[in-house]
**Q** 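One structure follows; several queries about it will come next.
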Amino acid sequence: MAVPPVSAPVLETADIQGLVVRGYGPLEAASFLLLTVKDAALARAYLRRILPDVNTARVSPETFAFQVAFTAPGLRALELPDLVVASFSREFIEGMDDEVRATSVGDCGANAPAKWMWGTAQKPHVMLMIYADKPATLVHHLGVEREAFEGAFVELQEQETTTLEDNKEHFGWRDGLSQPQIEGVPRERARKKQQTSWTTPIRPGEFVLGYPNEYDCFSESPVAAPDHDPADHLYTTEDGLKDLGRNGTYLIYRQMNQDVLALWDYLAKQSREAGEDPAARAIALGAKMVGRWPGGAPLITAPERDDPDRAEDNAFRYREDSPGTRCPLGSHIRRASPRDHLADDRDRGESMQMVRKHQMIRRGRAFGPPIAKSMDPREILAARGRPDCEPPRGLHFICLVGHISRQFEFVQRAWMSSANFLGLFKDGDPIIGARRDADDANPNDEFTCQATPVRRKYKDLPQFTQVVGGAYFFLPSIRALRFIARVPA
Amino acid sequence: MHKVHAGYTLLARLESDGVAEVERLLAGYTADPSRMPFARMTTTHFATITILPAQKYSDEEDLPATLLFATSFCGPVREHVQEMVRELGGPLRELFAACEMFPSDCSDRDLERFIREHRRADTFYSGMQHLTPEDVRRQKQLRDEIQTYLDARQLAGGFPDGVEANLVRREIQAHLATVPGFEWAPESCERAPGTFLALHWRSLIALGVALTFAASLVLASIALAIFPGPALGVAVAGGWLAVVLFVLVLFVTVTMVRDAERAQTHVACRQPDQFVRKLAATQNRQVINEFMVAGPIKEGLFRPVFLRLMLWVVARAAEGIPGIKPFRTGINIATVATARWIACDRGKRLIFISNYTNAAEPYVRDFIDVKGGAKNINVTFGFGRGYPKTRWVIEDGAVTDPNGFIYVVTANQLPTHFWYGPYADMSIDNIKVNAKIRRGLYANLNEEEAQTWLYLL
């Protein structure tokens, strides 16, 4: 198969799994099945069977969507040649639970891989992601798939999801408001969002292999030898190899429990922010920690109070707030993407160039029942102490990147986990940060709220989230899926 | 305050059986750093001691196994060397005993001579704000004490709304006056007379010589047109001949380098995962890490000369001349505490050592993540064997092949046997902020400036 030109970054949507361009928001019911291969031949036969059902980026499905991703152990278990697996990125091969990688990204203490429920001892091989418009449809499809992969796979986990009111996550904040726009994604989709971004669309190679990235080059892509692909499913590279990565991407999945009550307890008891009543003060501190109000309005454009008219604001930048008095320097969203203010001694253009090289497409879903169905922070606050608040709830954090180390791991290490981000000293991410041990030389359990005349400091921050599992997956193209499944010519 | 920062880079060839002995010694110092007590030194910010392995240049010429001893220091070099002899004399004798030409039963004077004779020129960059190690430690203590005071004020209800920033600053000053150990804080932070010259004399001389020559030549040429004379004619002709020769030599050198660029065949490829993982594990400290690459440069007759010329230019750029617009921009890499390039083995081996905030791979990407960054890096790293092909020294290379840049850096990265880095919980940003806090604490600030200063806390 000859290589089509890629200079004009128009995505080959028929070959790309749909999750890259859409989060399947209207399909509110979803489950992720984590499987291990029991019988490689049967597993490949199953993959061949589901191939027509795997949704591509070309069409938005109305009732049902199906995606499939693989870990490095999974590709080995499916009997891909060792040389082919070895051509994937080192991060993908080593895995999220690798000791050096975990230490680097700050997965320590309560987040240490040794404490995970899955992803270390129990490593998944394959993830089936099933989305449906109704719970009944989902149950039906789950049943069909389980019957179909009987004997081929063993089911490790079913990761159920839930859709919360107003697109919120369990802490009570609207989620997924700032997604990078991908260059080459059809215009009508960009318009549908009706949201302006802080930057121009990002080069597609940042999120899909085989396209120019922000360096105007191609990210490393896994390859196979020509004789590994007798059916000629894969494109041929200039070197005469078969491009297994093209139109695929890496998928990072972290299951994260959220201790909603601990967060709101802390906010209620510790807040020294302005507000007409204790709940308002708690919400104000939460907003400072997140960088947005629960309704979505960013503190940069709505510093005083939540403003529904600003809920979709995404064009804001941080340089004008370099002291952080509106949006604290260590707030969650400012760490996740510092936009035009990476450091005081970097100019705006440099900051943006660098930050554009560390973007991720997020496709997470919540799990577990909400504390308050309305997701109104005041109701969540009022629910404290209720007996039905116990079951685990949290977020299936899922993101897509073209380069795991440069994008996901860099953001985790240098921005989210760093106690020294933007010249801070002992601050960690106030919302998702893993707190280090008390005797650590580099503690990260403070939150600094920059203010006039002088900062307010919040100390002894508990850990509000806990990573309980995770793995790096490869979300292949349709062609690569055919190759993995060994579809005959 | 405002000490000159420099790199002390010592290279000494190891005896044939010296490698194993030095490895053993350095492992011992790493296990018990008190055996190599840099912490007792007042002039040293960072130190790297390691072994450059025997390597091949151009697949034929041996580059010998060499001991590398590199410090990032402040103040006069004489004081630094004498302090090394005084505080590290014992372990240095142990180490250097494995090197060629090291005298047995060496006295302090012999040791000092050995250290001086084996110093090699480096192109050095420091982001350490011209501070001494003691400054860094004291400024951190100052910041911590101010934070403790502000925390206590916060518990007591905080400052009233609308209070003047300068009033808050005065209250902080008043508090510090009651705390023993901060008597030094009100002392002046102004640069001592002569600091500017001490920091920039090389660039000033280079610029002065170039400008004087150019101005003299132009004036002499004009004078010759008005007052023709044989002596002046010879001088002017000689001057222009020198210019032509300089341009010609530069042109020939660059052309030869360009030919070598065209002829390059070897480009580094992805390194084995286990090798990279092992390296990454050595640079996984949370805040500051050390990074070193060393390897032979690319083939080409003129490359060793041109490399040294480029490093000289980079050194002047790093130094800069504040206040003179085209020359004021020194190099500024926000994540770097100190860095140096060394051309050793007659310019045939290039070494880069850096002390930096972050982990190795993202740090390396910092160099090429901004526009122009990759071109700048071509000028130095571009000489390394296996570096992606450059074009006219600054074009292509890491610009068009960032993956290749990462590969070659990884391929030439060496694990450091012993590293001294005392700032475990401070990034270079923190050190800069602490310096600003100390400078602004007693400075004469208007209300707006005082508020900006308070935002640092």
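All figures in this text were calculated on a predicted structure; none of them were measured in a lab. Each chain gets a letter, A, B and so on, in the order the sequences are listed, and its residues count up from 1.
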**Q** Which atoms form the tightest heavy-atom contact between B:A280 and A:R90, and what is the distance?
**A**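 Reported closest heavy-atom pair: CB-NH2, 4.4 Å.
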
**Q** So which of B:R285, B:R153, B:Q147, B:M426 has the biggest tally of heavy-atom pairs under 4.5 Å with chain A?
**A**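 Of B:R285, B:R153, B:Q147, B:M426, B:Q147 has the most heavy-atom pairs under 4.5 Å with chain A.
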
**Q** Going by heavy atoms in the side chains, are B:R365 and A:K357 under 4.5 Å from each other?
**A**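 Side chain of B:R365 against side chain of A:K357, heavy atoms only: no contact under 4.5 Å found.
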
**Q** Can you tell me how far apart CG (B:N403) and CZ (A:F218) are? Round to the nearest 0.5 Å.
**A**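 The CG atom of B:N403 sits 11.0 Å away from the CZ atom of A:F218.
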
**Q** Which atoms of A:S405 are under 4.5 Å from chain B, going by heavy atoms: the side chain, the backbone, both sets, or neither?
**A**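 For A:S405, the side chain is the part near chain B, not the backbone.
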
**Q** Do A:E220 and B:Y407 have side-chain heavy atoms sitting under 4.5 Å apart?
**A**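 In short, these two side chains touch, coming nearer than 4.5 Å.
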
**Q** Counting only heavy atoms not in A:E320 (residues, nucleotides, ligands), do more than 12 fall under 6.0 Å from its CD?
**A**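 Yes, because the 6.0 Å sphere around CD of A:E320 holds more than 12 heavy atoms from other groups.
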
**Q** Could you have a look at B:V433, B:V168, B:V287 and say which one has the most heavy-atom pairs with chain A under 4.5 angstrom?
**A**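 Ranked by heavy-atom pairs under 4.5 Å with chain A, first place is B:V287.
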
**Q** Just wondering, are more than 12 heavy atoms of other shown residues or ligands nearer than 6.0 Å to CG in B:D161?
**A**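 At most 12 heavy atoms, drawn from other residues, nucleotides or ligands, come within 6.0 Å of this atom.
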
**Q** Of the backbone (N, CA, C, O) and the side chain (C-beta and beyond), which part of B:T357 lies under 4.5 Å from a heavy atom of chain A, both, or neither?
**A**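 Contact with chain A involves no heavy atom of B:T357 at all.
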
**Q** Is B:V399 in contact with chain A via its backbone, its side chain, both, or neither, using a 4.5 Å heavy-atom distance?
**A**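 B:V399 touches chain A through backbone heavy atoms alone.
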
**Q** Within the structure provided, determine whether B:N358 and A:F410 are in side-chain contact (heavy-atom separation under 4.5 Å).
**A**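 B:N358 vs A:F410: side chains touch.
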
**Q** Under 4.5 Å between any side-chain heavy atoms of B:N284 and A:R413, yes or no?
**A**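 Counting from C-beta outward, B:N284 and A:R413 do come under 4.5 Å.
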
**Q** Got a second to check how far B:Q286's CD is from A:S418's OG, nearest 0.5 Å?
**A**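 Taking CD in B:Q286 and OG in A:S418, the distance rounds to 9.0 Å.
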
**Q** I need the minimum non-hydrogen distance between A:F88 and B:R270, along with the two atoms involved.
**A**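 Residues A:F88 and B:R270, closest heavy atoms: O-NH2, 2.7 Å.
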
**Q** Tell me, side chain or backbone of A:S219 under 4.5 Å from chain B's heavy atoms, or both, or neither?
**A**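 Contact with chain B involves the backbone of A:S219 alone.
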
**Q** Which one, A:R406, A:H358, A:R101, A:Q450, leads in non-hydrogen pairs under 4.5 Å with chain B?
**A**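 Top count of heavy-atom pairs under 4.5 Å with chain B: A:R406.
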
**Q** So do the side chains of A:N420 and B:D429 get within less than 4.5 Å of each other, counting heavy atoms only?
**A**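 They are not in contact (no side-chain heavy atoms under 4.5 Å apart), so the answer is no.
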
**Q** Check this for me, if you would: do A:D98 and B:R277 make a salt bridge, where the nitrogen-to-carboxylate-oxygen distance has to be below 4.0 angstrom?
**A**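 So A:D98 pairs with B:R277 through a salt bridge.
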
**Q** Salt-bridged, B:D369 to A:R356, with N to O below 4.0 Å?
**A**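 A:R356 and B:D369: not salt-bridged.
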
**Q** Quick check: does any side chain N or O of B:N430 sit under 3.5 Å from a backbone N or O of A:L424, one acting as donor and the other as acceptor?
**A**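 The answer is yes, because a donor-acceptor pair under 3.5 Å joins these two groups.
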
**Q** Would you check if A:T452 and B:Y455 make a side-chain contact, meaning some heavy-atom pair closer than 4.5 Å?
**A**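 Yes, close enough: below the 4.5 Å cut-off.
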
**Q** With a 4.5 angstrom heavy-atom cut-off, could you sort out which part of A:A451 is near chain B: side chain, backbone, both or neither?
**A**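 Answer is backbone: N, CA, C or O of A:A451 sit under 4.5 Å from chain B.
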
**Q** Where does B:N289 contact chain A at under 4.5 Å (heavy atoms): side chain, backbone, both or neither?
**A**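 For B:N289, the side chain is the part near chain A, not the backbone.
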
**Q** Identify which part of B:L167 has an atom lying under 4.5 Å from any heavy atom of chain A, answering side chain, backbone, both or neither.
**A**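 Looking at B:L167, nothing touches chain A.
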
**Q** For the interface with chain B, which of A:E350, A:Q353, A:E214 has the highest count of heavy-atom pairs at distances below 4.5 Å?
**A**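 The candidate making the most pairs under 4.5 Å is A:Q353.
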
**Q** If you count heavy-atom pairs within less than 4.5 Å of chain A, which of B:L456, B:N434, B:T335 leads?
**A**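 Looking at each option in turn, the highest pair count goes to B:N434.
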
**Q** Step through the shown structure and confirm whether more than 12 heavy atoms of other residues, nucleotides or ligands are within 6.0 Å of CD on A:E99.
**A**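 No, not enclosed.
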
**Q** What residue in B:D425, B:L454, B:L457 has the most heavy-atom pairs under 4.5 Å with chain A?
**A**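 Maximum pair count with chain A is reached by B:D425.
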
**Q** So, for B:V163 and A:P453, which heavy atoms are closest and what is the spacing to 0.1 Å?
**A**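 That would be CG1-CG, 3.4 Å.
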
**Q** Just wondering, do B:Q154 and A:V454 contact through their side chains at under 4.5 Å, heavy atoms?
**A**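 SC-SC contact between A:V454 and B:Q154 ruled out.
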
**Q** Given B:D151, which of A:K457, A:R456, A:R455, A:K426 fulfils the salt bridge (charged side-chain N to carboxylate O under 4.0 Å, His left out) condition?
**A**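 Answer after filtering A:K457, A:R456, A:R455, A:K426: A:R455.
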
